[in-house]
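Below, chain A is the first sequence line, B the second, and so on; all start at residue 1. All values reported here derive from a predicted model rather than from experimental measurement.
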4 protein chains.
Amino acid sequence: MSRPRSQERRSAIISAATRVIAARGLAAPTATIAKEAGVSNGSLFVYFETKSKLLNELYLELKADMGAAALDRLPSDADIRNQLHHVWTNWLRWATSFPEKRRALAQLSVSEDLTAETHQLSADGMAGLAEILRRARADGPMADEPLGFVLQLVTALAESTIDAVLREPANLDSHSRAGFGAMWRVLASADVAVINV
Amino acid sequence: MSRPRSQERRSAIISAATRVIAARGLAAPTATIAKEAGVSNGSLFVYFETKSKLLNELYLELKADMGAAALDRLPSDADIRNQLHHVWTNWLRWATSFPEKRRALAQLSVSEDLTAETHQLSADGMAGLAEILRRARADGPMADEPLGFVLQLVTALAESTIDAVLREPANLDSHSRAGFGAMWRVLASADVAVINV
Amino acid sequence: MSRPRSQERRSAIISAATRVIAARGLAAPTATIAKEAGVSNGSLFVYFETKSKLLNELYLELKADMGAAALDRLPSDADIRNQLHHVWTNWLRWATSFPEKRRALAQLSVSEDLTAETHQLSADGMAGLAEILRRARADGPMADEPLGFVLQLVTALAESTIDAVLREPANLDSHSRAGFGAMWRVLASADVAVINV
Amino acid sequence: MSRPRSQERRSAIISAATRVIAARGLAAPTATIAKEAGVSNGSLFVYFETKSKLLNELYLELKADMGAAALDRLPSDADIRNQLHHVWTNWLRWATSFPEKRRALAQLSVSEDLTAETHQLSADGMAGLAEILRRARADGPMADEPLGFVLQLVTALAESTIDAVLREPANLDSHSRAGFGAMWRVLASADVAVINV
DNA sequence: GATGAATGAGTATTCATTCAT
DNA sequence: AATGAATGAATACTCATTCAT
């Protein structure tokens, strides 16, 4: 019976990859990631068969991390607008608290290495968020659009807001408010809202 | 007195780069681009000192191409909503008509090779679009936000819509309508809605 | 724990570099050197970070090799003239026995890649020879000149003699005798001559 | 009848090559030399078929220049020692007055591009110097050595002295005196001289 | 499993030389 | 002849991956 794989080493590599990719992009050498993780060159390939697999797994972990952060302490019995606002705030807090995770994720999102399976798994992992979104847009102007499309639009708004905040941290509050307002209007535009009142 | 530099060769390289990068990403070898353009690999460096300069110039040309397409036949005396809708439609048509330009542009947009100067020039080139946006959001809920931030949000919606359309071309019309509606609500709906009540 | 770096491979590269540079000059491709050494071109860079470092190390090894050969079996209790003659003979024997080392060394000596540190280390390594020279020129006409300058003159005579011998091996003995005589006169003859009168 | 080659352009190239090679070595691009000469890339090849031919011709011109300088105002009726001293002084003056010529010449001397014919022509050009040397060594200890060999030894001493002077210009006088003394002892050692007196 | 040496395919850029103008 | 664009062979170095220890 040989030495078992160490969960610690795996995490060290994932975490090093986050930092290195945030700093130097997807072209960062695996050797650099290994060194940053404090493991040898060769060990990295024990834990991740290829660089591409490392990238895919890292993407999924970061996505999951972000998704979990977004749903943290969700006030399940609040109204849907407040729930969505809670998620929005969590999301921004995560991105500003872990800028390296956010940067790495942004790089990975455009990587040609991500497989269809990874994209599928990532979508599955977002199910919690999607459910909230589904309720938020009910009876709104996007009620009849494919949920995936709506999720995409909303995500794009969030990402853009995050970018803006990271670029000008001083404007965190105003950007956050404006971004959330925009999102809410996309999903549940004012006239409908007024009628509902 | 000697053979002049040929605008044709330059265009051939730019156009080849668009195709090759769309197909194989930013890591595409300069030799592949040169071959696709029908010139020697040395010639590529006569027209573009470095690969990085090629990328920057290509980005600016594609951005300009897209901007010009968006403003084509703008109905200057129509109301602002119709003008914006015209631009939106043009944009989607450009993206679906020249998917390679769009793909290449998307790749370039996240390239670490783009210089600050390129980003500046690109922003300058978008001034026409920004002006329309400025008028569209006047008196709307985004009236007091930094224009750059608003432009970013709106661009994000457009890009996401384009992605969705490229993925499901059959849904062009419905995606286009839904995307434009979302954008309009981001910019201008709330007050109008209230007034409408 | 892993395969250790092999001294043998390193020597193989050094030795191949000697041969290849002797034959084709400093512009010899690293790939050629690697192939001649029987290692992959990548391996060469495991042992020598850059071509320039390879050149510097090769220079020092050849210099050390030559210096050691020159001092081999030095008759420490012989008079200084005989000691110097012993060194001279050793030097010529080394150059004629290992013409490739000598050729490579000659090329390297004029290389712009040699660093100041290399020149310093090389000078340090020649300390044994310098000491003999210091004693040989004591009370001679060069007694008051900077030792470095005298070393240079004497080295120039030796190198020229070696060149002549390599060009006309048949004249080894007469060239050697004439060269040594010249050197001795440079260092020590005038006063002796006057005394002799 | 087409435009004749211009002697001026040729000189400009030769002179530019001297400067560029002194500064950047033999690997200097022909394009750099052409630009420094104020002519086009292509023109250089009108005047010199290949880079190698340029190097060979440059070598011969510099050698001739140096030789002419050495023999300038030779006091033909002075005794041979004074004649030789005059040559020696001229030589050092030339080297210190035109350090770029000297540097370029030093680089060229070790170039693998120099042909046998060039070396022969160069030797022919040194005939004037050789003649003086022949007389200087008559009855001396080198009287029976091949003149070429003696010329080589003497040249080596001169070159080394020049190097030392260029490195420490303050020591011009003492180095010059010591170097000449060494040369004279090589050719016409003191004891012989004393006997002659 | 852990290590780091070994491998060799891959790539931007340079440069002597040629050639169209 | 003069020019400078066109060419393509040449080359140092990188890096994902494999493998001996």
Side-chain angles (χ1 to χ4, degrees), chain A residues 1-6 9-10 27-35 38-55, chain B residues 1-6 9-10 27-35 38-55, chain C residues 1-6 9-10 27-35 38-54, chain D residues 1-6 9-10 27-35 38-55 113:
Chain A
M1 212 194 280
S2 61
R3 194 175 339 184
R5 287 194 202 174
S6 139
R9 290 174 98 80
R10 190 182 182 285
T30 53
T32 303
I33 295 171
K35 174 177 269 187
V39 304
S40 76
N41 194 0
S43 270
L44 187 148
F45 289 92
V46 170
Y47 290 88
F48 304 93
E49 256 179 285
T50 64
K51 185 181 189 182
S52 182
K53 291 206 173 156
L54 167 61
L55 261 25
Chain B
M1 224 177 216
S2 78
R3 189 185 330 193
R5 251 184 238 192
S6 141
R9 288 175 106 79
R10 204 195 112 93
T30 53
T32 303
I33 294 171
K35 174 177 271 188
V39 304
S40 73
N41 60 17
S43 273
L44 187 147
F45 290 92
V46 169
Y47 288 88
F48 304 94
E49 268 178 275
T50 63
K51 185 180 185 182
S52 182
K53 290 208 172 153
L54 168 60
L55 261 27
Chain C
M1 222 178 217
S2 79
R3 189 188 327 195
R5 253 184 235 192
S6 139
R9 288 176 106 78
R10 204 196 112 94
T30 53
T32 303
I33 295 171
K35 174 177 270 189
V39 304
S40 73
N41 59 20
S43 274
L44 186 148
F45 291 93
V46 169
Y47 289 86
F48 305 94
E49 268 178 275
T50 62
K51 185 180 186 181
S52 182
K53 290 209 171 150
L54 168 59
Chain D
M1 212 192 282
S2 62
R3 195 174 339 183
R5 288 195 201 173
S6 139
R9 291 175 97 81
R10 189 182 184 287
T30 53
T32 303
I33 295 171
K35 174 177 268 188
V39 305
S40 75
N41 194 0
S43 270
L44 187 147
F45 289 91
V46 170
Y47 290 87
F48 304 93
E49 255 179 285
T50 65
K51 185 181 188 180
S52 182
K53 290 206 173 154
L54 167 60
L55 261 26
D113 276 305

- Item | Intra- and interstrand pairs of DNA chain E - dot-bracket, Watson-Crick/G-U under 3.5 Å, | marks other strand | .||||||||||||||||||||
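Toward the 5' end of DNA chain F, the nearer of the two residues Pro4(C) and Val46(B), judged by each one's closest nucleotide, is Val46(B). Mapping Ser43(C) and Arg3(B) onto DNA chain E by nearest heavy atom places Ser43(C) at the nucleotide closer to the 5' end.
Residues satisfying the salt bridge (Lys or Arg N to Asp or Glu O under 4.0 Å) test with Arg10(D), not counting sequence neighbours, are Glu57(D), Glu61(D). The side-chain contact (heavy atoms from CB on, under 4.5 Å) check on Ser2(B) picks up nothing, with sequence neighbours excluded. Not a single side-chain contact (heavy atoms from CB on, under 4.5 Å) links Arg3(C) to another residue, sequence neighbours left out. By the side-chain contact (heavy atoms from CB on, under 4.5 Å) test, Ser40(A) is found to be paired with Ser43(A), residues two or more places apart in sequence or in another chain being considered.
Between dG4(E) and Ser2(C), no contact under 4.0 Å exists linking OP1 or OP2 to a side-chain N or O. Of the side-chain N and O atoms in Arg9(A), one or more sit less than 4.0 angstrom from OP1 or OP2 of dT3(E).
Judged as a salt bridge (charged side-chain N to carboxylate O under 4.0 Å, His left out), the pairs with a partner in residues 38-49 of chain B (not counting sequence neighbours) are, in order, Glu49(B)-Lys53(B).
Among the heavy atoms of the strands lying under 4.0 Å from Tyr47(A) are primed sugar atoms or P, OP1, OP2 only; no base atom is included.
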Can you give me the N/O atom pairs linking the protein to nucleotides 11-15 of chain F at distances under 3.5 Å, or say none if there are none?
{"unit_1": "dA12(F)", "atom_1": "OP1", "unit_2": "Lys51(C)", "atom_2": "NZ", "d": "3.1"}
{"unit_1": "dA12(F)", "atom_1": "OP2", "unit_2": "Thr30(C)", "atom_2": "N", "d": "2.9"}
{"unit_1": "dA12(F)", "atom_1": "OP2", "unit_2": "Thr30(C)", "atom_2": "OG1", "d": "2.9"}
{"unit_1": "dC13(F)", "atom_1": "OP2", "unit_2": "Lys51(C)", "atom_2": "N", "d": "2.9"}

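Contact record, Phe45(A) with Thr50(A): CE2-CA, 4.2 Å, taken as the closest heavy-atom pair. The two residues Asp113(D) and Leu55(D) come nearest to each other via the heavy atoms OD2-CD2, 3.6 Å.
Residue Lys35(D) contributes atom NZ, which lies 14 Å from atom C1' of dC15(E) at whole-angstrom precision. In this structure, Leu44(B) atom CG and dT14(E) atom C1' are separated by 14 Å, rounded to whole Å. In this structure, the CZ atom of Phe48(D) is 16 Å from the P atom of dT18(E), given to the nearest Å. dA5(E) atom P lies 5 Å from atom CZ of Arg5(C), rounded to whole Å.
Side chain of Tyr47(D) to backbone of Ser6(D): a donor-acceptor contact under 3.5 angstrom is found.
One distance of note links OG1 of Thr30(D) with CD1 of Ile33(D); it measures 6.5 Å at 0.5 Å rounding.
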